[in-house]
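Keep in mind the model is a prediction, meaning the values are calculated, not measured.
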Amino acid sequence: MLYDSLTRYAGFVPDVVWTLVYAAWVVGGTLFLLFRRRRPTTTLAWLLAFWSLPIISGLIYFLIGPRRLDDQTRRRQSARRSASQAIPEREDHVPSSFTDRFTLSSLTQVTRRETGSQPGPRKAQDMALYEDGDSCFPAILEAVQTARSTIHLEYYIWMPDVIGTRLRDTLIERANEGVRVRIVVDAIGGKDCHGGFWAPLLEAGGEVRKFNPPHLLTPQPGKLNFRTHRKIIIVDGLVAFTGGINVSDNNISGDDDGEARPWRSTHLKVSGPPAMDLQAIFLEDWLYSSAVDASADSSFLSRHFGKQGKDPSEAPGDIEQWFPDEPGNRADATHSTSGPWVQIIDSGPDEASNDIHLLYFTAITSARQRVWINTPYFVPDTPIEEALKSASRRGVDVRLILPANGDSALVNAAAKTYSADAAENGTRIWHYEPRMNHSKVMIIDDELSIVGTANMDNRSFRLNFELVAAIYDKDINTRLGDLFDRDLAASKPFEPDNRKPGYIEQITANTARLLAPLL
């Protein structure tokens, strides 16, 4: 009935008017897209959509289109400038003691921006590795309990479950004892932690900020794509944790009959100068989150998160405690410490350069012996696919471990098609079976290891705010290689399905592959 009414009313409009409206749409839409610099294939795809599906394509673009942070970019840049003024000067020179020792040392220059915002490698005092939450959370809680001045946390997912509540309560204790506690939690990933969950921490003097929350009166659905996927804890500016473990009971053993096993994931603890680099990333996100909250016309935020509408140019009053000038944490002490060389690399949709993607691509193409990758989501773009193919054809040992049963059916369907392509081009692939494997690790030859929050997919490369630690150290490389071998022993080789798929299965797989840029 509605369709008949619309058709009847549309008939009163002369055809020439519809033609002019369509022409205006095509011209306006084309200019709109051409004013935005993107990959040619992406622009061409949206141009064809705008021309063939007027209005509908515009609505889809508004909801999930590949837009950057627009006006939020200005806020982000303002936060970055403010953070750079507060961050102590970092040693920029890469010493010969590093370059002479590592054949892959030139990779540290790949992500160095002209602005100097991406730091070079720095010597850590110490580093510890964890393979799941059962081993990691006790170390986190111990570090939190020994904090003297500041505890800063940033997480994509924080659940109000057993471990989430326990960590919050420990933070409340420390806040009551005078330690400054600050938390940045993603507005989407941490949506289950409502105001009531955080209220006791706020009453104790802690601060909580949402990263990129939706604006109720100025909705911009496309920005829901841009999430902080980072997992960071920095204690006193001296000790930091990062990796693939979120604050969720998925990562710890339960009190049931023992059948439920925590997710397998890789996390690390680093002390010394690299912790300050993670602190610098947190500072940018802290200032940016404040700016987002200031512009959000939301009584919910005001009611549950207090008046946090500070100008992003306003640095915290205790900023000197964020970057303590202690002997083991100084730039001039980085050559004498005993730990590994670490370069902290971050990326996000507010930057023109996709630094983590660039690091992955260059590391794979520079490898001479091995490229071992552990990732929960394998939805690579063409450059990464070609890099893996090239490495395999050069005789490099290219191995990939994926979870046998991932937590996303759509990603699993897409990963299956990409796995088949990679296997055909020489990559050896295994499926880890005991539990969900959420590790994000790359091992290059015998000296470089990359551990962080980024997956092998477009979302991590171009949509999320991510970070990784590039570790130049043969001992850490060996330890991660041993852990990779243990995962391999619990995995089955991937075997491409040579049977002819059914129509539904084929449509599902092709749809998932079509949506790969959003996965």
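With values rounded to the nearest 0.5 angstrom, Arg230 atom CZ is found 5.5 Å from Ile281 atom CD1. Interatomic distance, NZ of Lys440 versus NZ of Lys231, reported as 5.0 Å (0.5 Å rounding). Rounding to the nearest 0.5 Å places OG1 of Thr362 at 12.0 Å from CD of Gln109. Note: Ile373 CD1 to Leu400 CG = 6.0 Å, rounded to the nearest 0.5 Å. Here the straight-line distance linking atom CD1 of Ile401 with atom CG of Asn437 works out to 7.0 Å at 0.5 Å rounding. Of the inter-residue distances, the one linking Arg368 atom CZ with Asp446 atom CG reads 13.0 Å to the nearest 0.5 angstrom.
The neighbour count for Asp475 CG, taken as heavy atoms of other residues, nucleotides or ligands under 6.0 Å away, is above 12. Atom CZ of Arg479 has more than 12 neighbouring heavy atoms from other residues, nucleotides or ligands inside a 6.0 Å radius.
Between Ala187 and Pro213, the closest heavy-atom pair is CB-CA, 3.4 Å. Summarising the geometry of Pro380 relative to Glu385, their closest heavy-atom pair is CG-CG, 3.7 Å, with the distance given to 0.1 Å. For the residue pair Arg370 and Trp372, the shortest heavy atom distance occurs at NH1-CZ3, 3.0 Å. Closest heavy-atom contact between Thr427 and Ser392: N-OG, 3.7 Å. Among all heavy-atom pairs drawn from Phe465 and Gly348, the shortest one is CD2-CA, 3.8 Å. For the pair Ala454 and Tyr360, the tightest heavy-atom approach, listed with the atom from each and the gap, is O-OH, 3.5 Å.
Under the 3.5 Å distance criterion, the side-chain polar atoms of Asn455 are left unmatched by any main-chain donor or acceptor of Tyr377. Put simply, the side chain of His267 gets close to the backbone of Gly244: a donor and an acceptor are under 3.5 Å apart. The backbone N or O of Ile384 sits less than 3.5 Å from a side-chain atom of Asp381, completing a donor-acceptor pair. Not one N or O on the side chain of Thr165 forms a donor-acceptor pair closer than 3.5 Å with the backbone of Val162. Using a distance-only test at 3.5 Å, with no hydrogens or angles considered, no donor-acceptor pair links the side chain of Ser439 to the main chain of Thr375. A donor-acceptor pair under 3.5 Å links the side-chain atoms of Arg394 to the main chain of Thr365, judged by distance alone. Within the 3.5 Å criterion, the main-chain N or O of Pro262 finds no donor-acceptor partner in the side chain of Asp134. Put simply, the side chain of His229 gets close to the backbone of Thr453: a donor and an acceptor are under 3.5 Å apart. A donor-acceptor pair under 3.5 Å is absent between the side-chain atoms of Ser460 and the main chain of Asp457, judged by distance alone. Within the 3.5 Å criterion, the main-chain N or O of Glu447 finds no donor-acceptor partner in the side chain of Asp445.
Residues Ser419 and Leu402 form a side-chain contact, since some pair of their non-hydrogen atoms from C-beta on lies under 4.5 Å apart. For the pair Asn374/Thr266, no side-chain contact is recorded, criterion being any heavy-atom separation below 4.5 Å from C-beta on. Two residues are said to be in side-chain contact when any heavy atoms from C-beta on lie closer than 4.5 Å; Thr108 and Phe98 meet this criterion. The closest side-chain heavy-atom distance from Phe102 to Leu448 is not below 4.5 Å. Put simply, the side chain of Gln343 does not reach to within 4.5 Å of the side chain of Leu107, judged on heavy atoms. Inter-residue side-chain proximity for Ile233 and Tyr155 is flagged as met; some heavy-atom pair is nearer than 4.5 Å. Val441 places none of its side-chain heavy atoms less than 4.5 Å from the side chain of Ser449. Counting heavy atoms from C-beta outward, Met436 and Asn250 have side chains that stay 4.5 Å or more apart.
Screening Arg261, Arg264, Arg435 for a salt bridge (charged side-chain N to carboxylate O under 4.0 Å, His left out) with Asp132, the sole residue that qualifies is Arg435. Of the residues listed (Leu153, Ile163, Val208), the one engaging Trp158 in a side-chain contact (heavy atoms from CB on, under 4.5 Å) is Leu153, and it is the only one. If you run salt bridge (charged side-chain N to carboxylate O under 4.0 Å, His left out) between Asp186 and each of Lys210, Arg209, Arg227, Lys191, only Arg227 comes through.
For His357 and Phe461, the distance between ring centers is under 6.0 angstrom. With ring centers used as reference points, Phe211 lies under 6.0 Å from Tyr288.
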Checking side chain to side chain contact (heavy atoms under 4.5 Å, CB included) for the pair His438/Asn246: CA distance, chi angles, key distance, verdict? CA-CA 10 Å; His438 199 244; Asn246 284 295; 4.2 Å; yes
Run the numbers on Asn425 and Arg393 for side chain to side chain contact (heavy atoms under 4.5 Å, CB included), then give the verdict. CA-CA 8 Å; Asn425 290 317; Arg393 292 186 178 182; 4.2 Å; yes
Test side chain to side chain contact (heavy atoms under 4.5 Å, CB included) on Leu483 and Leu129; report intermediate values, then the result. CA-CA 10 Å; Leu483 189 53; Leu129 298 174; over 6 Å; no
Show the numbers, then the answer: is there a side chain to side chain contact (heavy atoms under 4.5 Å, CB included) between Thr242 and Leu268? CA-CA 6 Å; Thr242 192; Leu268 61 83; 4.0 Å; yes
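Using a cut-off of 4.0 Å between Lys/Arg side-chain N and Asp/Glu carboxylate O, Asp421 and Lys389 are scored as not salt-bridged. By the 4.0 Å N-to-carboxylate-O rule, Asp482 lies too far from Arg486 to be salt-bridged with it.
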